[in-house]
Amino acid sequence: MVTLRSLEKYDSGTANNILAALALSSTANPGVGEAAEVTKAYPAEQAAVLKELLSKAAGDDQAETANRMREMLWQQIHRVSLEGKDSDAILARAGQAGRLSPSLYRIKFIGYFQVCISLGTKTSHVTDAILNADDVQHLEGKTGEKTFSIFLKYHQGAAAKDSFWLLVLAHRDGRDLIVQNAWRVYLSDVDLTTAKKPIDVLRAFANVFGLPIHAAGKVDTFVANETVPIPPGQVIRAYTVKGIKDKAYVSTTSGYNLPGSHKIILAYAIDVSAYEKSLHQHGVRTNAKHHFSRVDEYSLAVNEGGAVGLQVR
Amino acid sequence: MLLYSTNSAIKFNIARDFLGDVHYCWCSPAFDARKLATYSRGAGMPESSDPCSIYRELRAAVTRPDDHNAKINDQKATLSGLAVKFATDGRISEESRDEIIEIVKRASFNEWRPLLYVIPSHTLGARLKPVPREKRASSEMEFIIEDLKQSEFHILEFP
């Protein structure tokens, strides 16, 4: 994409403003923007750019010429705005912040997602839930750290009791969406009366199928946004999942250290056997091979330097 | 009164993610002018302003992908122009402007699929602004809402 001769004498900011004014003054599609005052700016400059675009875009008919001109306009705005910049880095920045269009994320699956596959969820279901989500929530994390996104997609069952929300939890790392797990949240099993956001759906699901987690002096099946103080020089348990002996479970946790404390972004542990039983009641076929825990509890140990490891009993 | 507005999914996402979930839309009190009785209000809405026609046109554009589709090029030019305008006005940062422009360039066809906003007007008051006649495509009424919150409208998407 070459620079328009009519823009060569302007700095990039002025050139961009001229292009934007022309783009907005020529829109033929109500509902996507109001041209307003910006279209009156740079009238002579707009005319010069328009003349040059028309000479380059001339087609067989007026409609084709107008289309080519519009295409060249947004391409020129892209060139002027992003010249010399790393496009991939720009998208990674947007991705990390949760601002990227779904189709521009690279969807990946952790190895442990195999558990969800054995419980009847296909990767294609997950991809569809991400690309065509009915609702999405991007959780904020520490700058530069991976954090979570939750996607929801509604599935109408043949019987009302078999309708469910497919809930997908993924880590965001730049442009990568690394799927951690996916759950069918059946409306007949989980009370969603007070759920307003996707995280509320996940909380309600964990309230039914979750195992108790001890954190920040409280016990709950779902922990989010809790801060645990770390006394200087000590190793503490940021959280403990209890009652897991002879149980098969899938746990998801994420957190990071702040000065003098550990922030838990999210922590829950799902009793997979109980969940699988509910899937069978809804006619879902599974082929899970469960690994039952030999210990009764595990904890995440942290000190001021970060996570130290897992302690088990 | 219910109002209808067709917008692309990518425009919805940009407003949600970059503009504080505040949505600008141009809306009509009639959804499909073709289905109205000849002399009823809204029946004279031309296709360029008719939410149902715009929906069909965008739907066709994403169903049969064409890199040079006029409807999508129009949307790309407008969204790119708006990104520049918002950055110049200080409403978004230059980094956000760059992200929007790159997203607009690279988004898949599916991102341009249409969404229908259904907007109950009874809570809008003075925020519901009639479009001046000289800016309308016809004598049929059209409205602009500059600061619509997501809690104030429903989104419909047809397969």
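No experiment lies behind these values; they were computed from the predicted model shown. Each chain gets a letter, A, B and so on, in the order the sequences are listed, and its residues count up from 1.
Within the 4.5 angstrom heavy-atom criterion, atoms from both the backbone and the side chain of Ile103(B) approach chain A. Contacts between Asp88(A) and chain B at a heavy-atom distance below 4.5 Å involve backbone atoms as well as side-chain atoms. Heavy-atom distances place no part of Asp50(B) under 4.5 Å from chain A, backbone and side chain included.
Across Ser87(A), Gly98(A), Gly13(A), the residue that shares the most heavy-atom pairs under 4.5 angstrom with chain B is Ser87(A). Listed options Leu82(A), Asn67(A), Leu19(A) were ranked by heavy-atom pairs under 4.5 angstrom with chain B; first place goes to Asn67(A). When Ala107(B), Pro51(B), Ala15(B) are compared by the number of non-hydrogen pairs under 4.5 Å with chain A, Ala107(B) comes out ahead.
Between Asn132(A) and Arg113(B), some side-chain heavy-atom pair lies under the 4.5 Å cut-off. With a 4.5 Å cut-off on side-chain heavy atoms, Leu91(A) and Glu99(B) do not count as touching. Between Pro102(A) and Asn13(B) there is a side-chain heavy-atom pair separated by less than 4.5 Å.
The number of heavy-atom neighbours closer than 6.0 Å to NZ of Lys149(B), taken from other residues, nucleotides and ligands shown, is above 12. With a 6.0 Å radius and a threshold of 12 heavy atoms from other residues, nucleotides or ligands, Gln62(A) has its CD atom at or below the threshold. Atom NZ of Lys122(A) is surrounded by 12 or fewer heavy atoms from other residues, nucleotides or ligands within 6.0 Å. By the neighbour-count criterion of 12 heavy atoms within 6.0 Å, atom CD of Glu94(B) is sparsely surrounded, having that number or fewer from other residues, nucleotides or ligands.
Across every non-hydrogen atom of Gly81(B) and Ala23(A), the tightest pair is CA-CB, 4.4 Å. Counting all heavy atoms, side chain and backbone alike, Trp74(A) lies closest to Ser80(B) at CB-OG, 3.8 Å.
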Steps toward side chain to side chain contact (heavy atoms under 4.5 Å, CB included) verdict (Glu111(B), Leu104(A)): CA-CA 10 Å; Glu111(B) 303 279 7; Leu104(A) 294 176; 5.6 Å; no

Stepwise side chain to side chain donor-acceptor pair (under 3.5 Å) check, Thr78(B) with Arg70(A): CA-CA 9 Å; Thr78(B) 304; Arg70(A) 298 285 289 167; 3.0 Å; yes

Residue pair Arg16(B), Val136(A): steps toward the side chain to side chain contact (heavy atoms under 4.5 Å, CB included) verdict: CA-CA 11 Å; Arg16(B) 182 193 61 201; Val136(A) 61; 3.5 Å; yes

From CA spacing to verdict: side chain to side chain donor-acceptor pair (under 3.5 Å), Ser81(A), Asp98(B): CA-CA 7 Å; Ser81(A) 300; Asp98(B) 292 349; 4.9 Å; no

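For the pairing with Glu71(A), the side-chain contact (heavy atoms from CB on, under 4.5 Å) check across Asn73(B), Ile72(B), Asn69(B) returns one residue only, Asn73(B).
A salt bridge between Glu95(B) and Arg93(A) is absent, with no side-chain N of the basic residue lying under 4.0 Å from a carboxylate O of the acidic one.
Side-chain atoms of Glu102(B) never come within 3.5 Å of backbone atoms of Ile90(A) as a donor-acceptor pair (strictly under, hydrogens ignored).
For the residue pair Ser101(A) / Arg106(B), no side-chain donor-acceptor distance below 3.5 Å is found, with atom types taken as modelled.
Between the CG atom of Asp74(B) and the CE atom of Met69(A) there is a distance of 10.0 Å, given to the nearest 0.5 Å. Rounded to the nearest 0.5 Å, atoms CG (Leu79(B)) and CD1 (Ile77(A)) are 10.0 Å apart. The distance from atom NZ of Lys105(B) to atom CD of Gln75(A), rounded to the nearest 0.5 Å, is 8.0 Å. Remark: His78(A) NE2 to Lys76(B) NZ distance equals 10.0 Å, nearest 0.5 Å.
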